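Heads up, the thing below is written out as structure tokens.
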2 protein chains.
Amino acid sequence: MRTEQDWNCQDPEQRKVWAAATSEALRVLEGKWKTVIICQLFAAHGPLRFSELERRVDGVNQKMLIQQLKQLEKDGIIMRTVYPEVPPRVEYSLSSLGVALGPAMEALIDWALLRRAGMNGD
Amino acid sequence: MRTEQDWNCQDPEQRKVWAAATSEALRVLEGKWKTVIICQLFAAHGPLRFSELERRVDGVNQKMLIQQLKQLEKDGIIMRTVYPEVPPRVEYSLSSLGVALGPAMEALIDWALLRRAGMNGD
DNA sequence: CAGTATCCAGCTTGATACTG
DNA sequence: CAGTATCAAGCTGGATACTG
């Protein structure tokens, strides 16, 4: 599944394809709470209820959480399952595309921590 | 340099640290042209002049390019070098923190291409 | 060449109140 | 419990014109 892209490629068009693809990818992850939601879903190793996400995503309000969840669902990163019960139960989980984000998220976490370390110590 | 973070960690506080770190990291990369600029700098394997970036970053206008470059510089990802010549020459290159973004960018590109494939074929 | 300055439309976020 | 609705402030992106 590796795409064999590498920075040594001399084809300007190919480089633009990567740049555009990365741009699109990042646009899907943009939004103040999306990465937090995704991280929490990874950490949970399973579906989370709306109320559980509300507790785990520090500082988010209902409207924003719902909005971000809807966008993530539309973009195919998470799945929403409704259980026809009273009171209502709705669970959110990572789709296969969401799970495939794992390596990128981990690389991002590594970089984020490196960045933090540089900002303090260095 | 690996941080040994893994999704199995059961400490909720630790998970919040990652989520917050990732959020910060992504915020630094947000902005319509930043990933394109970064990709082009990686692909160039060396510094690029302002005008060269303007050519390579498809569709950007001067104001936006400068704004994004300034932010990337402020956030420590790129470096700006001014050569006291006439006409003026300014070169932009990745800092060590910028270079450290490599693995994350590659993982993101892989995911972006996987996502595209899924959207067409699937 | 590599910027700066101005102006503006539209999107994003958030507070607050209400509902099946 | 898991949403929807409304309103407003602030930020983002972009077109355009000017400058050392």
Side-chain angles (χ1 to χ4, degrees), chain A residues 19-20 22-38 40-41 44 46-75 77-93, chain B residues 19-20 22-41 44 46-75 77-94:
Chain A
T22 314
S23 246
E24 281 169 34
L26 232 58
R27 263 187 136 51
V28 160
L29 300 179
E30 275 174 22
K32 190 161 176 185
W33 307 99
K34 289 190 189 170
T35 48
V36 183
I37 293 168
I38 292 169
Q40 292 296 340
L41 283 174
L48 287 176
R49 298 184 60 158
F50 181 82
S51 52
E52 185 58 25
L53 278 167
E54 211 172 352
R55 281 200 313 100
R56 296 196 188 201
V57 178
D58 246 22
V60 75
N61 64 29
Q62 273 195 330
K63 182 200 145 192
M64 285 311 298
L65 183 53
I66 287 169
Q67 181 196 99
Q68 306 273 293
L69 287 169
K70 273 190 180 164
Q71 291 178 11
L72 286 172
E73 190 193 1
K74 175 175 72 60
D75 288 326
I77 294 172
I78 65 173
M79 290 178 309
R80 178 174 178 271
T81 312
V82 182
Y83 295 87
E85 305 173 357
V86 182
R89 179 159 62 108
V90 179
E91 289 187 344
Y92 294 89
S93 55
Chain B
T22 314
S23 245
E24 282 170 33
L26 232 60
R27 266 188 134 49
V28 160
L29 301 179
E30 276 174 21
K32 189 162 176 183
W33 308 99
K34 289 189 189 170
T35 48
V36 183
I37 293 170
I38 293 169
C39 279
Q40 292 295 340
L41 283 174
L48 287 176
R49 298 184 60 159
F50 182 82
S51 50
E52 185 57 26
L53 278 167
E54 212 173 352
R55 281 201 313 99
R56 297 196 188 202
V57 179
D58 246 22
V60 76
N61 64 28
Q62 272 194 332
K63 182 201 147 191
M64 284 312 298
L65 182 54
I66 287 169
Q67 181 196 100
Q68 307 273 293
L69 287 169
K70 274 190 180 163
Q71 290 177 12
L72 286 171
E73 191 194 1
K74 176 176 70 61
D75 288 326
I77 294 172
I78 65 174
M79 290 179 310
R80 179 173 178 271
T81 312
V82 183
Y83 295 88
E85 307 172 358
V86 181
R89 178 160 62 107
V90 179
E91 288 187 345
Y92 293 89
S93 55
L94 292 167

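Because the structure is a prediction, the values reported are computed rather than measured. Below, read A as the first sequence line, B as the second, and so on, with proteins coming before strands; counting in each chain starts at 1.
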So what does Q68(B) touch, heavy atoms closer than 4.0 Å: a base, only the sugar-phosphate, or nothing?
sugar-phosphate
For L94(B) versus M79(B), what's the shortest heavy-atom pair and its separation?
O-CE, 3.8 Å
Could you walk me through whether T22(B) and I38(A) pass side-chain contact (heavy atoms from CB on, under 4.5 Å), step by step?
CA-CA 10 Å; T22(B) 314; I38(A) 292 169; over 6 Å; no
Could you tell me how far apart I37(B) (CD1) and dG13(D) (P) are, to the nearest whole angstrom?
11 Å
On a heavy-atom basis, which atom in Q40(A) and which in A19(B) lie closest, and how many Å separate them?
NE2-CB, 4.3 Å
In whole angstrom, what separates E30(A)'s CD from dT12(D)'s C1'?
11 Å
If every non-hydrogen atom of V36(A) is compared with every non-hydrogen atom of S23(B), which pair is closest and at what distance?
CG2-OG, 3.4 Å
Can you list the steps and then say if K32(B) with R27(A) is a side-chain contact (heavy atoms from CB on, under 4.5 Å)?
CA-CA 8 Å; K32(B) 189 162 176 183; R27(A) 263 187 136 51; 4.0 Å; yes
Decide yes or no on side-chain contact (heavy atoms from CB on, under 4.5 Å) for R80(B) and L69(B), but give the supporting numbers first.
CA-CA 9 Å; R80(B) 179 173 178 271; L69(B) 287 169; over 6 Å; no
Whichever of F50(A) and P88(B) has its nearest DNA chain D nucleotide further upstream toward 5':
F50(A)
For K32(A) and dG10(D), give me the distance from atom NZ to atom P, rounded to whole Å.
14 Å
Could you check whether Y83(A) gets within reach of a base, just the sugar-phosphate, or nothing at all, counting any heavy atom under 4.0 Å?
nothing
Taking the side chain as every heavy atom from C-beta outward, state whether V60(A) and I37(A) have any pair of such atoms under 4.5 Å apart.
no
Closest non-hydrogen atoms of W33(B) and Q68(B), given as atom of the first, atom of the second and distance, are N-OE1, 3.1 Å
For the helix from dC1(C)-dG20(D) to dG20(C)-dC1(D), how many degrees between its two end axes (five pairs per end), to the nearest 10°?
50°
Give a yes or no on whether the backbone of P47(B) and the side-chain of E91(B) come within a donor-acceptor separation of less than 3.5 Å.
no
Would you sort out whether Q62(A) and F50(A) count as a side-chain contact (heavy atoms from CB on, under 4.5 Å), showing the intermediate values?
CA-CA 9 Å; Q62(A) 273 195 330; F50(A) 181 82; 4.2 Å; yes
Between R27(A) and V82(A), which residue's closest nucleotide on DNA chain D lies nearer the 5′ terminus?
V82(A)
Close residues, residues 52-63 of chain A, relative to DNA chain C [heavy-atom separation under 4.0 Å]:
N61(A), K63(A)
Between which nucleotides of DNA chain C, 5' to 3', does chain A make heavy-atom contacts below 4.0 Å?
dT13(C) to dG20(C)
Under the salt bridge (Lys or Arg N to Asp or Glu O under 4.0 Å) rule, what do K70(A) and E73(A) come out as? Steps first, then yes or no, please.
CA-CA 5 Å; K70(A) 273 190 180 164; E73(A) 190 193 1; over 6 Å; no
